[in-house]
Amino acid sequence: MYRTAPIVAAVAALSWSIAGTAVAAPVFECPDNLGSAGGAYQDNRYTAEYRSWNWEDEDHSRWYVCHCVRNLGRNAVKVNWPEVGLSGWIRLNSTLHFKTSVSENTFETRDTQLHLGRNVVLDVETVFPRPRAGQAAVQQARIVSASTRIAQSDLPVPQETETVAKIAVPPLTIVSGMSADEVDAFIEEYPELLQEVEMTFTSSVEGSRIVYECSYSVVDASTESTLLLQIDDSDVHQAVFESSEARYVDWAEFTSDEPIVMRGSLTREGVLESRMTTLNLLDADGAILGTMPIQFLANR
């Protein structure tokens with residue numbers, strides 16, 4: 001049985017908070033009409049459009065890969081894009097997305113599975129950076145647990161990386177103790193309690209250090225906005241959050257319309273490589289509610 005009184009109170013608190021909160025501009029927004037260049041799906045429960053693509057910035061100095069899913073229906077949609085490493089929910093009339101910088105203008109497209117809701121599985125053309133010529137492609141790992149990392153690609157190593165992502169997850173204090181099926185049913189009944197989490201993660205070389213910066217925020221934060229964050233790569237997590245424990249974020253930290261910024265570094269030990277991991281959003285029991293991919297520099 002769900003905790004009706006706390007949930008009703010949470011809805012009221014959320015409505016009050018949004019009315020008086022200044023909203024910061026999003027770091028990245030998916031373009032309109034994703035379906036015209038990507039694909040779309042509709043049934044009696046879900047209506048969504050999606051796209052995976054790459055592009056070059058205006059000064060021709062950097063390339064990007066992006067994956068977006070937009071919810072056009074009347075219900076919140078749970079999404080899992082395993083080979084991308086992106087999972088979570090999408091609020092009504094919003095998007096779930098991941099964008100990352102790429103060091104070379106070489107890409108490949110292959111079909112991957114995109115999961116919508118409880119039982120919809122779509123084959124989606126998905127863009128990935130192409131490994132160096134003459135070397136085998138490295139398949140990306142499916143994200144199935146907090147200990148699973150996306151496999152790295154054998155690509156030229158940049159001197160800096162940037163990743164931007166957004167997903168929606170329920171406040172961990174509300175869903176604590178619920179099974180996965182109970183959480184799904186709860187979100188279907190109370191989609192307005194989903195909190196949208198935006199993250200930007202950068203890594204760069206500064207002298208003898210590899211510097212990591214993670215900024216994150218909750219859109220329209222309320223008194224119910226709480227997060228438990230864990231970077232799947234333990235070395236990066238320790239550097240950024242200065243602890244091996246998952247980072248708990250109370251609603252009081254979201255009182256400003258500016259994102260929370262955490263910064264740390266590791267010693268550079270020679271040759272670097274570009275890797276992928278995830279920022280996992282956990283519930284109070286340590287179960288994963290959602291994942292956002294992170295590209296980062298590391299010692300080989």
Side-chain angles (χ1 to χ4, degrees), residues 2-3 6-7 10-11 13-14 17-18 26-28 46 48 67-71 75-82 84-98 114-118 143-146 163-201 214-232 237 241 246-251 253-254 259-260 277-294:
Y2 300 131
R3 295 162 293 171
I7 291 173
V11 174
L14 180 65
S17 176
I18 292 175
V27 176
F28 172 77
Y46 307 120
H67 316 283
C68 284
V69 184
R70 176 175 283 115
N71 181 8
N75 301 293
V77 179
K78 187 176 183 179
V79 172
N80 184 20
W81 207 334
V84 172
L86 187 63
S87 67
W89 283 266
I90 315 176
R91 296 187 69 174
L92 280 60
N93 302 310
S94 190
T95 64
L96 166 148
H97 58 250
F98 159 59
L114 173 64
H115 299 249
L116 297 178
R118 301 186 185 187
I143 304 302
V144 295
S145 72
T163 301
V164 175
K166 184 180 79 169
I167 64 174
V169 294
L172 67 95
T173 53
I174 297 294
V175 299
S176 177
M178 293 184 187
S179 68
D181 288 342
E182 287 175 331
V183 173
D184 289 343
F186 162 74
I187 293 302
E188 289 182 1
E189 188 172 357
Y190 299 100
E192 64 272 32
L193 281 185
L194 281 171
Q195 51 187 0
E196 287 189 315
V197 182
E198 293 184 325
M199 175 207 68
T200 299
F201 191 97
C214 181
S215 66
Y216 50 92
S217 60
V218 172
V219 179
D220 298 333
S222 75
T223 54
E224 295 297 328
S225 297
T226 50
L227 300 175
L228 192 60
L229 307 176
Q230 175 198 60
I231 297 175
D232 200 44
H237 180 94
F241 297 119
R247 160 75 169 158
Y248 176 74
V249 190
D250 186 77
W251 71 271
E253 297 189 50
F254 297 116
I260 299 169
T277 187
T278 54
L279 177 66
N280 302 324
L281 282 71
L282 310 176
D283 69 12
D285 300 316
I288 295 177
L289 295 172
T291 59
M292 292 188 279
I294 291 174

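- Separating the CD1 atom in Ile90 from the CG atom in Asn75 is a distance of 12.5 Å, to the nearest 0.5 Å.
- The two residues Ile167 and Ser87 make their nearest non-hydrogen contact at CD1-O, 3.4 Å.
- Looking at every heavy atom in both residues, Thr291 comes nearest to Gly85 through OG1-O, 3.0 Å.
- Interatomic distance, Leu229 CG to Leu282 CG, rounded to the nearest 0.5 Å: 8.0 Å.
- For Tyr216, the ring pair (Phe, Tyr, Trp, His ring centres under 6.0 Å) criterion is met by no residue, not counting sequence neighbours.
- With sequence neighbours left out, the side-chain contact (heavy atoms from CB on, under 4.5 Å) criterion links Pro171 to Thr173, Ile174, Gln195, Glu224, Thr226.
- Residues passing the side-chain contact (heavy atoms from CB on, under 4.5 Å) test with Ala284 are Leu172, Ser176, sequence neighbours excluded.
- Considering every non-hydrogen atom in both Leu281 and Met292, the closest pair reads CD1-CE, 3.8 Å.
- A distance of 4.5 Å separates CE in Met199 from CD1 in Ile294, rounded to the nearest 0.5 Å.
- Checked against salt bridge (Lys or Arg N to Asp or Glu O under 4.0 Å), Glu253 has the following partners two or more places apart in sequence or in another chain: Arg247.
- Applying the ring pair (Phe, Tyr, Trp, His ring centres under 6.0 Å) criterion to Tyr46, with sequence neighbours excluded, gives no partner residue.
- Between Asn71 atom CG and Arg91 atom CZ the span is 11.0 Å, to the nearest 0.5 Å.
- Within the structure, the salt bridge (Lys or Arg N to Asp or Glu O under 4.0 Å) test picks out the following pairs touching residues 165-180 (sequence neighbours left out): Lys166-Glu196.
- Annotation for Gly177 and Asp285: closest pair N-OD2, 3.4 Å, computed over non-hydrogen atoms.
- With hydrogens and angles left out, the side-chain atoms of Ser179 and Asp181 include no donor and acceptor closer than 3.5 Å.
- Residues Ala76 and Leu92 share a closest heavy-atom pair of N-CD1, 3.5 Å.
- In this view, His97 and Phe28 satisfy the ring pair (Phe, Tyr, Trp, His ring centres under 6.0 Å) rule, not counting sequence neighbours.
- Considering all non-hydrogen atoms of both residues, Phe254 and Ala221 come closest at CB-CB, 3.5 Å.
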